[in-house]
There are 2 protein chains.
Amino acid sequence: MLNKNDVIPLYVQLKDVLRGEIMSGKLKDNDALPSESQLMKNYSITRTTIRRAIDELVQEGLVERVHGKGVFVRLRQTRHTVWNFQSFTEYAFGKSQYPITKVLEQKVIKESNNRMLHLTRLRGVKTNRTISWLTIDTSIIPLSLFPGLEQYDFEENSLYELFRQQYKLYPHHVDIEIVPITCDHWTHKQLQLNNYDPLLQSKGSVYTENGTKIEDINIIYGPKFQFKLNQYI
Amino acid sequence: MLNKNDVIPLYVQLKDVLRGEIMSGKLKDNDALPSESQLMKNYSITRTTIRRAIDELVQEGLVERVHGKGVFVRLRQTRHTVWNFQSFTEYAFGKSQYPITKVLEQKVIKESNNRMLHLTRLRGVKTNRTISWLTIDTSIIPLSLFPGLEQYDFEENSLYELFRQQYKLYPHHVDIEIVPITCDHWTHKQLQLNNYDPLLQSKGSVYTENGTKIEDINIIYGPKFQFKLNQYI
DNA sequence: CAGTGGTCTAGACCACCCT
DNA sequence: GGGTGGTCTAGACCACTGT
């Protein structure tokens, strides 16, 4: 139930409830949300408030409205969002390829009394019998926000799925710089490249909605990775 | 005045009016929009409709709401939008630098009965007495949409300002691919580089709100250009 | 204090989809 | 037809900003 006396606006409360149901899997991809009139009864709030909440979820690219039919969960967003910073796992499944991950390094480092997980992963996709390696991802994550995260096996678990399902922290936006790099020997070997053409690297941070930094990232993109952007001016 | 019987929703009509006033310069950067109650009187529509229109302009990053004060034009958007595809001119002024442009090539080419303007420009900024060259932009623009565009001097005129002010066509979104390239001799010479480090190149198309393609672009970014991205997941 | 935007209610009419 | 979302009205109360 929603709290009408809370300082948090009702539409934000409702949005959080709905987002939670989507993220937790209670509402699955392509499922319909309860209709607006149903939500009016369930929560005893007016349609305007409900529409405001759903508007913002559309905004975030989580759901899509279909006139005369309903509002539907859309996890593989392509239209609204920009580039697949969503999650490598979701990205791969979206192209109906099977994602594979090889952990190159996983260790805990102390930085001025904060324990940080350093995780370097080689990521790729498997199609039939061939494996294509696409990126080398390095993540630095504060264990104060994610106690126990260091004990997971990241060849089996999606980092972002753990963030959301085990820790209820939802990545909301990223602040990224893109730079071109010359491939070094180690990168060349890991990505099994044929030449030393330049590559793209992105580095930056990932934040939740309220601005908490949850991850520093550094991604090297192999030449098979298309870097597409869809930008509203 | 707005037309209440039009198929176009009132909030879209109002949004277009306000955007037009901003783009045309009638409302300048940091100017306040008329207050919501003032707009209610001016257009004889309810506040909900007005808020919807302003919401979408906030969305587009054109204006910012300030509680208790008003709604203000924000042309140098940094917070909401992503990266300076707005316009090189606006980008440079936003950093209080003086933008300079050198036209490297300007010619009209016929492509299957469509006359296209090919424009290659070297772009940079001047601070005190030093000039920093930042990018090489190549634009291909259909003259059917912009009759007479070929006669402008693009060392003096901003391409996007002409689009908006002379032709009333507003760039709305871009579809871009980013690739790393190795600098060739010509690029090296034009950008006055010291070495042959890899560079970034973006190529793609620019569209209006209704999906009309108005420009094919290809931009080579020099090493002084920071490629920052602010992405909502 | 008056003026601004922020939230919410209760209702209306319409267009679309499906059966 | 009944159910869905799309638009709009007319009002209310609140929080924030300035003077």
Side-chain angles (χ1 to χ4, degrees), chain A residues 1-18 21-22 27 30-74 79-80 209-210, chain B residues 1-18 21-22 27 30-74 79-80 209-210:
Chain A
M1 270 293 102
L2 310 183
N3 180 0
K4 301 209 182 203
N5 300 318
D6 201 325
V7 286
I8 299 175
L10 285 169
Y11 73 89
V12 175
Q13 295 183 48
L14 177 58
K15 189 174 58 154
D16 287 343
V17 168
L18 294 173
E21 293 185 351
I22 293 168
L27 283 168
N30 298 315
D31 279 1
L33 262 56
S35 74
E36 297 181 352
S37 56
Q38 191 59 53
L39 290 170
M40 286 174 70
K41 292 175 200 154
N42 290 1
Y43 295 101
S44 306
I45 52 180
T46 52
R47 209 173 140 217
T48 314
T49 308
I50 286 158
R51 286 187 61 79
R52 172 85 192 255
I54 294 178
D55 279 345
E56 301 212 350
L57 291 174
V58 169
Q59 203 39 55
E60 295 180 14
L62 269 183
V63 301
E64 180 187 354
R65 293 181 184 282
V66 182
H67 196 167
K69 297 182 71 176
V71 179
F72 299 89
V73 177
R74 294 284 185 253
R79 216 198 42 175
H80 198 217
E209 185 162 17
N210 63 34
Chain B
M1 269 293 102
L2 309 183
N3 178 0
K4 301 209 183 204
N5 300 318
D6 201 324
V7 286
I8 299 173
L10 285 169
Y11 74 89
V12 175
Q13 295 183 47
L14 177 58
K15 189 174 56 155
D16 288 342
V17 168
L18 293 173
E21 293 186 351
I22 293 168
L27 283 168
N30 298 315
D31 278 1
L33 262 56
S35 74
E36 296 181 352
S37 56
Q38 191 58 52
L39 290 169
M40 287 174 69
K41 291 175 201 154
N42 291 359
Y43 296 101
S44 306
I45 53 180
T46 51
R47 206 172 142 216
T48 313
T49 307
I50 286 158
R51 286 187 62 78
R52 171 86 192 254
I54 294 178
D55 279 344
E56 302 211 351
L57 291 174
V58 169
Q59 204 39 55
E60 295 179 14
L62 269 183
V63 300
E64 181 187 354
R65 292 180 184 284
V66 182
H67 197 167
K69 297 181 74 175
V71 179
F72 299 89
V73 177
R74 293 287 184 251
R79 220 197 39 172
H80 198 217
E209 185 162 16
N210 64 35

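Chain letters run A, B, ... following the sequence lines, proteins first, then strands; residues in each count from 1. In this text, all values refer to a predicted model and were calculated from it rather than measured experimentally.
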Under the 3.5 Å rule, do the base of D:dG6 and the side chain of A:R47 count as making a donor-acceptor pair?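 Under the 3.5 Å cut-off, the side chain and the base do form a donor-acceptor pair.
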Please give, in whole Å, the distance from [N] [atom2] to [X] [atom1]?
| X | N | atom1 | atom2 | answer |
| --- | --- | --- | --- | --- |
| B:R52 | C:dT7 | CZ | C1' | 17 Å |
| A:L39 | D:dG5 | CG | P | 8 Å |
| B:F72 | D:dT17 | CZ | C1' | 10 Å |

B:L33 vs A:V66, nearer the 5' end of DNA chain C by closest nucleotide: B:L33
In terms of the nearest nucleotide of DNA chain C, which residue is placed more toward the 5' end: A:K69 or B:S37? B:S37
Under 4.0 angstrom, heavy atoms only, what part of the nucleic acid is A:I54 near: base, sugar-phosphate, or nothing?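 Result for A:I54 = nothing.
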Just checking A:S35: base, sugar-phosphate only, or nothing, at a heavy-atom cut-off of under 4.0 Å? sugar-phosphate
Please tell me which of the listed nucleotides, [options], lies nearest to the side chain of [X]?
| X | options | answer |
| --- | --- | --- |
| B:T49 | D:dC8, D:dG5, D:dA12 | D:dC8 |
| B:L10 | D:dT9, C:dC8, C:dG5 | D:dT9 |
| B:T46 | C:dG5, D:dG5, D:dT9 | D:dT9 |
| A:Y11 | C:dC8, C:dT4, D:dG6 | C:dC8 |
| A:P9 | D:dG5, C:dG6, C:dT7 | C:dT7 |
| B:R51 | D:dG5, D:dT9, C:dG6 | C:dG6 |
| B:K4 | D:dT9, C:dG5, C:dT9 | D:dT9 |

To the nearest 0.5 Å, tell me how far [X] [atom1] sits from [Y] [atom2].
| X | Y | atom1 | atom2 | result |
| --- | --- | --- | --- | --- |
| A:T48 | A:L10 | OG1 | CG | 12.0 Å |
| B:L39 | B:R51 | CG | CZ | 12.0 Å |
| B:L33 | B:E64 | CG | CD | 12.0 Å |
| B:L57 | B:R65 | CG | CZ | 9.5 Å |
| B:Y11 | B:I45 | OH | CD1 | 12.5 Å |

